[in-house]
J.: 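One structure follows; several queries about it will come next.
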Amino acid sequence: MQYATISERGKSDSEPFSLSRYDRQIILHQIGVEGQRKLKDSKVLVVGAGGLGSVVCYYLACSGIGYIGVVDPDIVQLSNLQRQILHNEEHIEMPKVISAMINLKKINSEVEILPYPDEINKKNVFDYLKFYDLVVACPDKFETRKILNKACFRLNKPLIVGAVSEFEGQVFDVIPPYGPCYGCLFEEAVDDTTTRGILASVAGVIGSIQATEVIKLLIGFGKPLHGRMIIYNALDGVFREVKLSKDPSCRICE
Ligand SMILES: [Zn+2]
């Protein structure tokens with residue numbers, strides 16, 4: 001293991017991680033050494049290693065999340081590099097999850113990256129989710145978000161949902177067993193077959209908020225984006241908060 005030497009050198013005697021690596025977040029009283037230990041013990045599944053997933057994975061790896069699973073069936077293409085900052089020219093034609101693993105390990109060899117070159121579907125979703133504490137939805141398909149939403153309620157795991165299109169993005173938390181859930185808000189299928197433009201930095205904003213929500217929920221500080229959605233509009237340069245309410249007829253959430 002070529003990374004063993006680096007990680008051994010960085011570790012403190014009493015902690016399974018390097019204190020100096022994380023000192024800027026450990027001094028935040030909401031995190032501290034205790035919070036850092038929680039992150040080290042946490043398992044997060046990121047579904048989609050594209051525009052949003054790239055940013056989420058980077059921040060989770062930097063922050064010291066112990067186990068990061070990445071699911072994506074695609075290979076890296078030149079047209080991805082405009083916004084999918086986890087990949088690079090050397091990784092073109094490589095499975096995105098392998099590209100992700102290589103680059104994330106370069107940033108933080110103390111975290112475990114588990115790559116799954118696969119697509120989430122109704123059958124395999126439970127196998128993927130069961131190992132993880134929390135799921136981050138960054139797929140490009142509406143259907144995948146619906147499948148993740150349902151499965152997260154069955155297994156009682158939080159889901160951080162993000163979506164971006166053109167100059168706008170939205171993000172909110174789904175926290176079982178209580179609604180509102182993704183199914184309450186998007187009962188009708190969203191048309192995701194048309195290829196739309198995306199300003200890369202907008203994915204950066206939304207992915208960063210998703211990663212922030214993960215850390216807040218894992219450690220348990222701050223106010224989660226539960227029952228409210230943040231919408232960022234880059235053209236107008238504004239953030240809006242929209243209150244979300246449970247659909248009384250939704251059968252997924254309480
Ligand atoms: Zn619901």
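Bear in mind that the values here come from a model prediction, so they are computed numbers and not experimental data. Whatever order the structure lists ligands and atoms in, that order sets their numbers, starting from 1.
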J.: Are a donor atom and an acceptor atom from the side chains of Tyr116 and Asp72 found within less than 3.5 Å of each other?
T.: no
J.: Please determine whether the number of non-hydrogen atoms from other residues, nucleotides or ligands lying under 6.0 Å from atom NZ of Lys246 exceeds 12.
T.: yes
J.: What pair of heavy atoms forms the shortest contact from Pro158 to Asp133, and how long is it?
T.: CD-O, 3.4 Å
J.: Test your reading of the model: is there a side-chain donor-acceptor pair from Ser18 to the backbone of Arg21, 3.5 Å cut-off?
T.: yes
J.: Given a threshold of 2.8 Å, state how many protein N/O/S atoms are nearer than that to the Zn ion (ligand 1).
T.: 4
J.: Under a 3.5 Å threshold, yes or no: a donor from one side chain and an acceptor from the other, between Asn108 and Tyr22?
T.: yes
J.: Ignoring hydrogens and angles, state whether a donor on the side chain of Lys96 or Gln84 is under 3.5 Å from an acceptor on the partner side chain.
T.: yes
